[in-house]
Protein chains: 2
Amino acid sequence: MARPGTEELRRRNRAALLGQLHRHGPQTRAELTEALGLNRSTIAALASDLAESGHLQETTGRSTGSAGRPSTLVECVPKALAVAAVEIRADRVRFALVGLGGEVLERSEAALASGAEPVSAAAAAAELAGSAGAEAVAAVPGLVDAGIVAHSTELGWAGRDVAADLAAATGREWRVVDTATAAAVGEWSRGDAHEATTLLYLHGGRGLTAGLVVEGRAQRGGSIQLGHIVVEPNGRECACGLRGCLEAEMEAFGYAEDIEEATLAAGMGDAAARDALHRSGEDLGRALGAVVTATGPDEILFGGWLRELYLSAAAPVRSALAGATLPHLRSRLRLRTPVLGDEGALTGAAETGFAALIDRMR
Amino acid sequence: MARPGTEELRRRNRAALLGQLHRHGPQTRAELTEALGLNRSTIAALASDLAESGHLQETTGRSTGSAGRPSTLVECVPKALAVAAVEIRADRVRFALVGLGGEVLERSEAALASGAEPVSAAAAAAELAGSAGAEAVAAVPGLVDAGIVAHSTELGWAGRDVAADLAAATGREWRVVDTATAAAVGEWSRGDAHEATTLLYLHGGRGLTAGLVVEGRAQRGGSIQLGHIVVEPNGRECACGLRGCLEAEMEAFGYAEDIEEATLAAGMGDAAARDALHRSGEDLGRALGAVVTATGPDEILFGGWLRELYLSAAAPVRSALAGATLPHLRSRLRLRTPVLGDEGALTGAAETGFAALIDRMR
DNA sequence: CGAGATTTGTTGTTGACTGCAACATATGAT
DNA sequence: ATCATATGTTGCAGTCAACAACAAATCTCG
């Protein structure tokens, strides 16, 4: 693997430099020297390498305010390297072309007929993304394993090789990640969950999934089918064939995706709506308890429509969770809502692409 | 971090060579050249470096049977680098000094008064381990976080800084890992679970814990308190304060650690014992369902007394598990018993030490 | 039994990379 | 205006892995 000897060292350092700038934004050469622990002359050599290849831009002469020669500012050139990110949902496909450094260069979306086949979703994605970007990543809600969507409540797909569908439609390779994991990556890298060592992102669409990011890395096989945690042994029959799944139990409360109406009604004093939210919160908390015990996160984000549920039923969620986790796991846990809103998954998909891209440079 | 420049490259390669030999046993220089992708001359230089420092031994002239000059065999010198591994249980402390390459150089154990304080366990460990080994690792059953035992059903400890206790008793630094994670590492590295990408090890002692190894690496915060997964909402009160924990529910079946008697009785036709085992298996399977959904393993090992439970109640375990996991997760799952028996945790603790040791050489 | 084929170890050379130190440069402070 | 300070630049030295040519040790085939 490490064939060209010392040349690999150079590549590693170059990739580290690019990654640093991509993640932390424009920095001076002096700051880069500090951050990467390399010598000034090395940084200069690497930066001028990357400036020559067009990836970086050096803006000279920024007055720092303090004494000494001002340091040259180094920043990414967004157009030099871009990633095509696509998010597939039940009703539409969204696309963003994200440049190096995180800037969104293009954005578009297309409606999807309800119950659309994987092939037509792939065609829509191909239409939007074309051949833009050096890497292409698609976020799909469900259980994703090596490019294959094993199970998706939201899309109604099972055992479908979406990576192959997309490749066939576009003539290029695609990475496929699940929406919740992508959103977790997005919130960690571009949201404000950067301090979390273990971040659990809950995504509420038509199905309930969860993504896990540990120390900044998406966990392999990390698409957790939160909706198919069994919360009621011998409970209601679920479409997946099991009994008492969280999804099946919550569905019985009837508000489905009209969570906003339900919260409004509850706010107006509708006792039935309030009860439904309360009991949903309890079920969610109970399912969460098992996931927390198994994964030990220190931050949980409630995304998609779970955001609304959490905001209006935080107390039952918390108390049910408290009844199902040990004190030590509970005490270090922060519950919050995401800051990227609907953009989390697209952002995270793009970051997944950049991680691969930068890793491949080494 | 990467201060000495190209010298780091050398260290990395040296560490890779040592790690390769430690993990895969004696190999010829030609095989090493192939495995590490380095040049023959580089391998020769690195190997003679490490032979000079006493870590490796080169046995020249082994006839290969095929044509060509016979390659020199390179192997680890066990005594050159050793790790002190200790396993703390409720009733005793076990010690092994493991040499580079995995050979056990010394072994001893001491009884522990029941309900022993952490300090006396640390003293016993110190007595056994002394100052042997370049690294010291202790395996403790329970929820371990950064050297602190947050919760241990088996030992009855909570929030105890065991790493500090051991350091005080021995005057050296200790790593503390949980027994289940250690056993998982052991089975992965020295057992026959090497092909598993995500390995879940279940450890049955006085408490039930689980350890997770993903692609050969122990998961941070990976000590899963399997015994405190809630399987019966509003179930029996558990010592931990929750209700319906797996541990509390199973305890009610009354055989506790006398699993062997129970299986014997069941084998003799004792209906009560058979029923207890059956229902234990069901509860275990149900708790496992949640853990499997959250972590997505492809191999599960039943260790400690759960081994006996699994061997005599595989059917209820499997059927309860099947009722609580999606088909895709279930289909790739292998259920087995460990091959290292009682030695798993000690072996894994030692491997954890070697991983740190070799990583530190880089 | 011997010559060639084959595989591997050894040695000297080469290209490349990073760190270092000295020098140049640009700003603020006195 | 001069000095202190911080940073970019340049030439040099040390180290490392790859490469190629050669030596060594074994097998095979005639």
Side-chain angles (χ1 to χ4, degrees), chain A residues 1-18 20-21 26-53 56-75 361-362, chain B residues 1-18 20-21 26-53 56-75 361-362:
Chain A
M1 211 194 311
R3 272 240 311 291
T6 80
E7 196 179 315
E8 158 146 341
L9 193 51
R10 175 76 150 204
R11 280 211 311 278
R12 292 181 76 91
N13 286 337
R14 201 161 40 202
L17 175 60
L18 208 57
Q20 173 79 12
L21 286 169
Q27 283 182 281
T28 66
R29 300 227 301 230
E31 286 165 344
L32 290 169
T33 301
E34 173 73 15
L36 299 181
L38 298 171
N39 194 281
R40 282 185 299 193
S41 49
T42 307
I43 295 291
L46 295 172
S48 78
D49 257 26
L50 287 164
E52 193 142 351
S53 67
L56 297 183
Q57 196 180 3
E58 293 191 313
T59 345
T60 174
R62 193 185 65 157
S63 165
T64 53
S66 70
R69 173 174 175 172
S71 186
T72 29
L73 190 72
V74 187
E75 57 189 329
M361 289 181 57
R362 299 193 323 179
Chain B
M1 210 190 317
R3 273 242 308 292
T6 79
E7 196 178 315
E8 158 146 343
L9 195 50
R10 177 76 151 204
R11 280 212 311 276
R12 291 180 76 90
N13 286 339
R14 201 161 38 202
L17 175 60
L18 208 57
Q20 173 78 12
L21 287 170
Q27 283 181 283
T28 66
R29 299 226 302 228
E31 287 166 343
L32 290 168
T33 300
E34 173 72 16
L36 299 181
L38 297 171
N39 194 281
R40 281 186 300 195
S41 49
T42 307
I43 295 291
L46 295 172
S48 78
D49 257 28
L50 286 164
E52 192 142 352
S53 67
L56 298 183
Q57 194 181 4
E58 293 190 313
T59 345
T60 175
R62 192 185 64 156
S63 164
T64 54
S66 71
R69 173 174 175 173
S71 187
T72 25
L73 190 71
V74 187
E75 58 189 328
M361 287 181 58
R362 299 194 325 178

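The basis for the numbers below is simple: all heavy atoms, side chains too, and nothing from hydrogens, waters or symmetry mates.
- In this structure, B/A30 and B/S71 approach most closely via the heavy-atom pair N-OG, 3.4 Å.
- At whole-Å resolution of the value, CD in B/Q27 and P in C/dT8 are 13 Å apart.
- Judged as a side-chain hydrogen bond (donor to acceptor under 3.5 Å, both in side chains), and not counting sequence neighbours, the contacts of B/E58 are B/R29.
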Expected list for residues 35-48 of chain B: side-chain donor-acceptor pairs under 3.5 angstrom, two or more places apart:
unit_1, atom_1, unit_2, atom_2, d
B/N39, OD1, B/S41, N, 3.0
B/N39, OD1, B/S41, OG, 2.8
B/S48, OG, B/A44, O, 3.4
B/S48, OG, B/A45, O, 3.2

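- Across all their heavy atoms, B/R11 and B/M361 have their closest contact at CD-O, 3.1 Å.
- Counting only residues at least two apart or in different chains, salt bridge (Lys or Arg N to Asp or Glu O under 4.0 Å) contacts with residues 41-52 of chain A comprise A/R10-A/D49, A/R14-A/D49.
- Summarising the geometry, the separation between CZ on B/R10 and C1' on D/dG14 is reported as 13 Å, rounded to the nearest angstrom.
- Checking B/N39 against A/N39, the closest nucleotide of DNA chain D that is more toward the 5' end is the one next to A/N39.
- With sequence neighbours excluded, the residues satisfying side chain to side chain contact (heavy atoms under 4.5 Å, CB included) with A/E75 are A/P26, A/Q57, A/T59.
- We find that CG of A/L73 is positioned 11 Å from P of D/dG8, with the value rounded to whole Å.
- At D/dG8, one or more side-chain N or O atoms of A/T72 fall inside 4.0 Å of OP1 or OP2 (strictly under the cut-off).
- Side-chain N/O atoms of A/R29 include one lying less than 4.0 angstrom from OP1 or OP2 on D/dT9.
- Rounded to whole angstrom, the span from the CD atom of B/E34 across to the P atom of C/dG9 amounts to 13 Å.
- Atom OG1 of residue B/T33 and atom CD of residue B/E31 lie 9.5 Å apart, to the nearest 0.5 angstrom.
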Pairwise N/O distances under 3.5 Å, protein to nucleotides 5-7 of chain C:
unit_1, atom_1, unit_2, atom_2, d
C/dT6, O2, B/G68, N, 3.3
C/dT7, O2, B/R69, N, 2.6

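- When rounded to the nearest whole Å, the span between CD of A/E8 and C1' of D/dT15 equals 17 Å.
- Dashed line: the shortest gap from a side-chain N or O of A/S71 to OP1 or OP2 of D/dG8 is under 4.0 Å.
- Rounded to an integer number of Å, the gap from B/L38 CG to C/dG9 C1' is 16 Å.
- We find the CD-CG distance between B/Q27 and B/L17 to be 9.0 Å, quoted to the nearest 0.5 Å.
- To the nearest angstrom, C1' of C/dG19 lies 15 Å from CG of B/L9.
- Distance check: B/R12 CZ to A/E8 CD gives 7.5 Å after rounding to the nearest 0.5 Å.
- For the segment residues 41-49 of chain B, residues with any heavy atom less than 4.0 angstrom from an atom of DNA chain D are, sorted by number, B/S41, B/T42.
- Taking 4.0 angstrom as the limit, A/N13 places none of its side-chain polar atoms (N or O) nearer than this to OP1 or OP2 of C/dC17.
- As rounded to whole Å, 12 Å separates atom P of C/dT18 from atom CZ of A/R11.
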